Amino acid sequence: MTATARRPKDTAQSDLQLRMLRQMLLIRRFEEKAAEAYALGKIGGFCHLYIGQEAVGVGALAALRDDDYVICSYREHGQALIKGISANAVMAELFGKATGCSKGKGGSMHLFDATRGFMGGHGIVGGHIPLGAGLAFASKYRGTDQVTVCFFGEAAVNIGAFHETLNMASVWKLPVIFLCENNRYGMGTAFERVAAVTDIVEHACSYDMAAELVDGMNVLTVYEATRRAVERARKQSHPTLLEVRTYRYMGHSMSDPLHGVYRTKDEVEEQKARDPIAHLAGKLKDEGVIDEAALDAMDSGVHAEVEEAVKFADESPDPEPGELFTDVLVD
Amino acid sequence: MATLTYRDALNQALREEMQRDSNVFLMGEEVGVYQGAYKVSRGLLEEFGPKRIVDTPIAELGFAGIGVGAAMGGLRPVIEFMTWNFAVLALDQIVNSAAKMLYMSGGQIPMPIVFRGPNGAALQLSSQHSQAWESWVSHIPGLKVVAPATPADAKGLLKSAIRDNNPVIVLEGEMLYNQKGEVPDGEHIVPIGRADIKREGSDVTLVCHSKTLSVALKAADQLAEQDVSAEVLDLRSLRPLDEAAILSVRKTNRAVVVEEGWPHAGIGAQLVDLIQRDAFDDLDAPVQRVTQADVPMPYNKLLERAAKASPEKVVAAARRVLYLD
């Protein structure tokens, strides 16, 4: 029996889910390659991988329009890829090359593509949360119905900028979604060790804001919750706080250990058993939307795309020396 | 040409630029209903409405960042800080977000934003409310910094700042808001990066900016009584500096640099670096600096006066570079 013969009636739904599966696979394979390239010294500085959290970025971005804004912390390779920046341009940026999406000046933490509404990669924990509200302020001011999604980690919730921004976003009814990716650890510190309120979603009460607690290991759950928040933002211009519970398999950055003093190997393995990619692939196989051969073909395609990105980045030129002094100010 | 206060000159600049471009808006504490802590925004809420004159909570970091985000989204925010003492809370957004956005995005995201408010000491406000921050903000590549001293320059520089596609820091002065001066009507633009000779002279150059212009002018009057002809150069812009104008010390061969800030790593240190490097052979004496004393500002009136730059201190410094004492 072929896969297509058993496909459910709602082909739009299965097409969407297949697309999300491919996107999660692309991020996973991209990040695995980035880790390899980092080990080879081709990528420098800090490099924060998204492996384990793919369902969050993919599910949330599936609920957006192309002209909506996305702004992220420094763990943003995944969202950049899904917002439409090519794997070539992202990998080249990680390699610091002139063909990178920020011309080799930003690196892993500062990916940008203004034409696609991908407004960065920002490196100071919580510092970009007000920027997300500011983008939403601009959309509302100009009378567009664009929505902004601002991704940040749970550790940013302890920063003043988070609270100041949620307050103003609620007072001014800004069309923004504060999407907290709760991966449990700020670098090596478990959230419950440093937070009086560990259910982040409860912070929304302080700011009279809609909120939802979401399973971040299930891409469809993330998609549906984000869709509700997007609707609220686009139609009513109301902000939402989403707490999306997820898990990062890798260390905080490439220079940090996977486990050890702050979490056990068993815990990491236990979480991997809830893998969002395996979960969706299994579901789609059960439903007959995809079979093993088609899944393999999808993975091969993704592999090829990532291999090509590495080749492109490797062969791309460094920025010209004169680039050092450009882009400091607009003329 | 009308006679306006510095406050009303700023108000006129804001009003004209908001009439000219609907993407310009003003955001800050007390700017709307209260008409501005120092009344710079008087009447603007009535004319432009709450969409464009936005009262904020006391949350400098947050609303500065919302301003930066709004600039990323294509608007031209003017962010008012009630004073620069409070803007220190927003430095992360000014330094890490606004100043670097263009560079780290590889030139994709310009940052047309103005951060403005009173800077430096007023009277007896003690340590936390009497600070001049120009050397801090001038240190940062990606920012422009202006510090107008007169009503005409206040209007012309604020208009330039609002039209600039880069982040511009406008340092005003609480003690300047009531000062009156002639201000050209309508389209009066002072380009950023140009100093201005406020008084011609031939024996010594007094370099100043913002509130220290009045200090330097009083010192020049006193020096004139002592048969010393002092030139007074008002920097107006601190980043970029008008290097050619500063090197006009070649004309007098002697310079005194006056500023409100502390001496260590101050603006004056930067000027002395420039002068010694590019005009060394033209100097007849080492450049002298007059600054605030290297202490937090005291409350007591006598101690405060002793801490501040004053005409007497400038006269004494001028006499030293002239070897008169």
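Just so we're clear, the structure is a prediction, and the values are computed from it rather than from any experiment. Chain letters run A, B, ... following the sequence lines, proteins first and then strands; every chain starts at 1.
Heavy atoms of B:Thr56 lying under 4.5 Å from chain A belong to its backbone as well as its side chain. Only the backbone of A:Thr326 comes within contact range of chain B, with at least one heavy atom under 4.5 Å from a heavy atom of that chain. Within the 4.5 angstrom heavy-atom criterion, only side-chain atoms of B:Ser97, from C-beta onward, approach chain A. Heavy atoms closer than 4.5 Å to chain B are found in the side chain of A:Asn167, but not in its backbone. Residue contact with chain A, scored on non-hydrogen atoms closer than 4.5 Å, involves the backbone and the side chain of B:Leu61 alike. Interface remark: B:Asp92 contributes side-chain atoms only to the contact with chain A (heavy atom separation under 4.5 Å). Residue contact with chain B, scored on non-hydrogen atoms closer than 4.5 Å, is absent for A:Phe162.
Counting only N and O atoms by type, the side chains of A:Gln146 and A:Asp67 include no donor and acceptor under 3.5 Å apart. If you check the side chains of A:Ser86 and A:Asn88, you find no donor sitting under 3.5 Å from an acceptor. No side-chain N or O of B:His188 forms a donor-acceptor pair with one of B:Gln12 less than 3.5 Å apart. B:His139 and B:Arg239 share no donor-acceptor pair across their side chains, judged by distance under 3.5 Å alone.
With chain B as partner, the option from A:Leu324, A:Asp331, A:Leu174 having the largest number of non-hydrogen pairs under 4.5 angstrom is A:Leu324. With respect to chain A, the highest number of heavy-atom pairs below 4.5 Å among B:Ser105, B:Gly107, B:Ala70, B:Pro167 belongs to B:Ser105. Of the listed residues (A:His128, A:Met119, A:Glu93), the one with the most heavy-atom contacts under 4.5 Å to chain B is A:Met119. Put simply, of A:Thr165, A:Ile71, A:Ile124, the one with the most heavy-atom pairs under 4.5 Å next to chain B is A:Ile124. Ranking B:Met111, B:Lys144, B:Gln93 against chain A, the residue ahead of the rest is B:Gln93, based on heavy-atom pairs under 4.5 Å. Among the candidates B:Asn96, B:Leu89, B:Ile58, the residue making the largest number of heavy-atom pairs closer than 4.5 Å to chain A is B:Asn96. Across B:Val54, B:Asp164, B:Leu143, the residue that shares the most heavy-atom pairs under 4.5 angstrom with chain A is B:Val54.
For A:His48 and A:Tyr74, the distance between ring centers is under 6.0 angstrom.
Under a 4.0 Å N-O distance rule, the pair B:Glu16/B:Lys155 qualifies as a salt bridge. Look at A:Asp327 and A:Lys105 and you find a salt bridge, because one of the NZ, NE, NH1 or NH2 atoms lies within 4.0 Å of a carboxylate O, short of that distance.
For B:Asn11 (side chain) and B:Arg42 (main-chain N/O), a donor-acceptor pair under 3.5 Å exists by modelled atom type.
Ring geometry, A:His122 versus A:Phe112: the interplanar angle exceeds 60°, so the pair is classed perpendicular (tilted spans 30 to 60°).
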